[in-house]
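Side chains included, hydrogens not; waters and symmetry mates left out as well; all remaining heavy atoms used.
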Amino acid sequence: MDIAGFSAKLNEWLANAALPIWRDKGFDASSGGFVETVDMTGEPTRANRRSRVQPRQVYCFAEAGRRGWPGDWKSIASGGIAYFDRIYLQPSGFYGALADADGKLIDASFDLYNQAFALLSFAYLAQVFPQRKAEMIERSNTLLQKLEAHCKHPSAGFEEDNPPRLPLCSNPHMHLFEACLASEEVDGFDKVAWTNLADEIAALCMEHFIDRETGALREFFDHDWSPMPGDKGRIVEPGHQFEWAWLLLRWGERRGNADALVKARRLFEIGEQYGIAQPRDVAVMTLLDDFSVADPIARLWPQTEWLKAAIRFAALTQGEERERYLRSSVRAATALTRFLDTPVKGLWRDKQKADGSFVEEPAPASSFYHILCAIYEVDDCLKRL
């Protein structure tokens, strides 16, 4: 199957199976919030609910609505953000981390990662609910200002909390970068603030997150943004090589920054050359900085990031290089569809073991953001092609 064939198949799965089941079973109408997991019979579980799942699912339904999905996305997107505010929003203005299935907050701690997804959801809600745009602009500005007051790092980026704690992490910055790229494009948002922060995070990534010798992106850092000592500082995740490559391509194209495109190409190369396990042909979870495999488990989300990066590279290149990226995107789509082969259509597997078998467990709602974004990215890039 070529990538256009995969695109048609994935869009059909999304519109007719995934969005309906996650709307009906993945949204708890009694509380107004999104569930954490749906089991393989298609029923919601009573697992504790991470706060990040709420704005991620809000994004999914807002973006599906923006792109013309005819199902009931409006009540779900607005219900989800109301639940997120009601259950997780703290007097500090930040969102806590974890609640139980009954909506009782059990971990109010600060995590930059969760705030980044709040910001992403505001950018999408502003686009699909014009009557709430002014509110979303205000919320976006306020949360950004609070973050800068609470945990701005003295040189660049953000601390993990206040008081500071180690290790510093590239991952929350990645999602903050994504929120910046979304927010700077929304009419009425503070373009200067979001553009400046996007540029700062891009520079931090290219100067510190990415190793100068190998071109690989690390996960964990000391306070001066040097790699964390010991094994922690050696961790390299193939999924994040692809995800940062995709973000740097978007930023680099917008800014006309050739260095970002060069670094993105190297990140993709590392992910593809060292992070894809054979004969399974799936992106694994973790490497070390010598590119040896540290964790051979393959999770669903790195397959989506492989697909997003490959198809965007295809859209930005020509000739044989484009063909190579198109072949890579077909491999990534093939890997992804294996995770979507479930007893009830519209769900997914999360973890594939080294022997190729899948872990029997409920489908995590948190993966939907990755899948939906990948499907729409393929649509957009195929239009460009």
Audit row: Y325, W306, ring-ring contact (aromatic ring centres under 6.0 Å, His included) steps and yes/no: CA-CA 10 Å; Y325 286 120; W306 177 14; over 10 Å; no
Under the side chain to side chain donor-acceptor pair (under 3.5 Å) criterion, do E36 and T45 qualify, and how do the steps go? CA-CA 7 Å; E36 181 74 19; T45 71; over 6 Å; no
Dump the intermediate steps for side chain to side chain donor-acceptor pair (under 3.5 Å) on N114 and Y88, then the final yes or no. CA-CA 10 Å; N114 297 330; Y88 300 94; over 6 Å; no
What verdict does the salt bridge (charged side-chain N to carboxylate O under 4.0 Å, His left out) test give for K383 and D379, after you've listed the backbone C-alpha separation in whole Å, the side-chain angles of each residue and the deciding distance to 0.1 Å? CA-CA 6 Å; K383 285 192 190 104; D379 290 352; 5.6 Å; no
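Using a 3.5 Å distance cut-off with no hydrogens or angles, the side chains of D281 and T334 do not pair a donor with an acceptor. Between the side chains of W301 and D350, not a single donor N or O lies within less than 3.5 Å of an accepting N or O. Side-chain contact check for E185 and W194: no donor-acceptor pair (N or O, by modelled atom type) lies under 3.5 Å. Between the side chains of R56 and S366, no donor-acceptor pair of N or O atoms lies under 3.5 Å. No side-chain N or O of R338 forms a donor-acceptor pair with one of Q352 less than 3.5 Å apart. No side-chain N or O of N162 forms a donor-acceptor pair with one of E159 less than 3.5 Å apart. A donor and an acceptor atom, one from each side chain of E184 and T195, are located under 3.5 Å apart.
Residues F339 and I297 are members of separate hydrophobic clusters, defined by side-chain heavy-atom contacts under 4.5 angstrom among Ile, Leu, Val, Met, Phe, Trp and Tyr. V58 and V186 fall within a single hydrophobic cluster, where Ile, Leu, Val, Met, Phe, Trp and Tyr are joined by side-chain heavy atoms under 4.5 Å apart, directly or via other members. Each of I276 and M285 belongs to its own hydrophobic cluster when Ile, Leu, Val, Met, Phe, Trp and Tyr are linked at side-chain heavy-atom distances under 4.5 angstrom.
Ring to ring, W348 and F368 are close: their centroids are under 6.0 angstrom apart. For Y369 and F117, the distance between ring centers is under 6.0 angstrom.
For K74, the NZ atom is loosely surrounded, since the number of other residues' heavy atoms within 6.0 Å does not exceed 12. In the displayed structure, D187 atom CG is contacted under 6.0 Å by at most 12 heavy atoms of other residues, nucleotides or ligands. Other residues, nucleotides and ligands contribute over 12 non-hydrogen atoms within 6.0 Å of the CZ atom of R384.
The only option from D102, D28, D39, D100 that meets the salt bridge (charged side-chain N to carboxylate O under 4.0 Å, His left out) definition with R46 turns out to be D102.
Both tests pass for K152 against the ring of F158: distance under 6.0 Å to the centre and angle within 45° of the axis. The cationic group of R265 does not satisfy the cation-pi geometry with F313, failing either the under 6.0 Å distance to the six-membered ring centre or the 45° limit from the ring axis. F34 does not carry R49 over the face of its six-membered ring by the limits of under 6.0 Å from the centre and within 45° of the normal. A cation-pi arrangement is found for R250 relative to W246, the charged atom lying closer than 6.0 Å to the ring centre and inside a 45° cone about the ring normal.
Within the 4.5 Å cutoff, the side chain of S78 has heavy atoms near those of the R132 side chain. F84 is listed as a side-chain neighbour of S51, based on a closest heavy-atom distance under 4.5 Å. Residues V330 and M1 fail the side-chain proximity criterion, which asks for heavy atoms closer than 4.5 Å. Contact check for K146 versus S92: no side-chain heavy atoms found under the 4.5 Å cut-off.
Using a cutoff of 4.0 Å between basic side-chain nitrogens and carboxylate oxygens, R349 and E361 are not scored as salt-bridged. A salt bridge is absent between E321 and R324; no separation between the charged side-chain nitrogens and carboxylate oxygens falls under 4.0 Å. A salt bridge links R234 with D290: the closest approach of a Lys/Arg side-chain nitrogen to an acidic carboxylate oxygen falls below 4.0 angstrom. The residues E320 and R327 are annotated as salt-bridged, a charged nitrogen and a carboxylate oxygen being separated by less than 4.0 angstrom. Using a 4.0 Å cut-off between a side-chain N of Lys or Arg and a carboxylate O of Asp or Glu, R50 and D111 do not qualify as a salt bridge.
F110 meets the ring-ring contact (aromatic ring centres under 6.0 Å, His included) test with F94, H150; sequence neighbours excluded. In terms of the ring-ring contact (aromatic ring centres under 6.0 Å, His included) criterion, Y83 has no residue partners (sequence neighbours excluded).
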Which donor-acceptor pairs under 3.5 Å do the side chains of residues 201-211 make with protein atoms, sequence neighbours left out?
| from | atom 1 | to | atom 2 | distance (Å) |
| --- | --- | --- | --- | --- |
| D211 | OD1 | R218 | NH2 | 2.8 |
| D211 | OD2 | E213 | N | 2.9 |
| D211 | OD2 | T214 | N | 2.9 |
| D211 | OD2 | T214 | OG1 | 3.3 |

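Of all heavy-atom pairs between G103 and I87, the closest is O-CD1, 3.4 Å.
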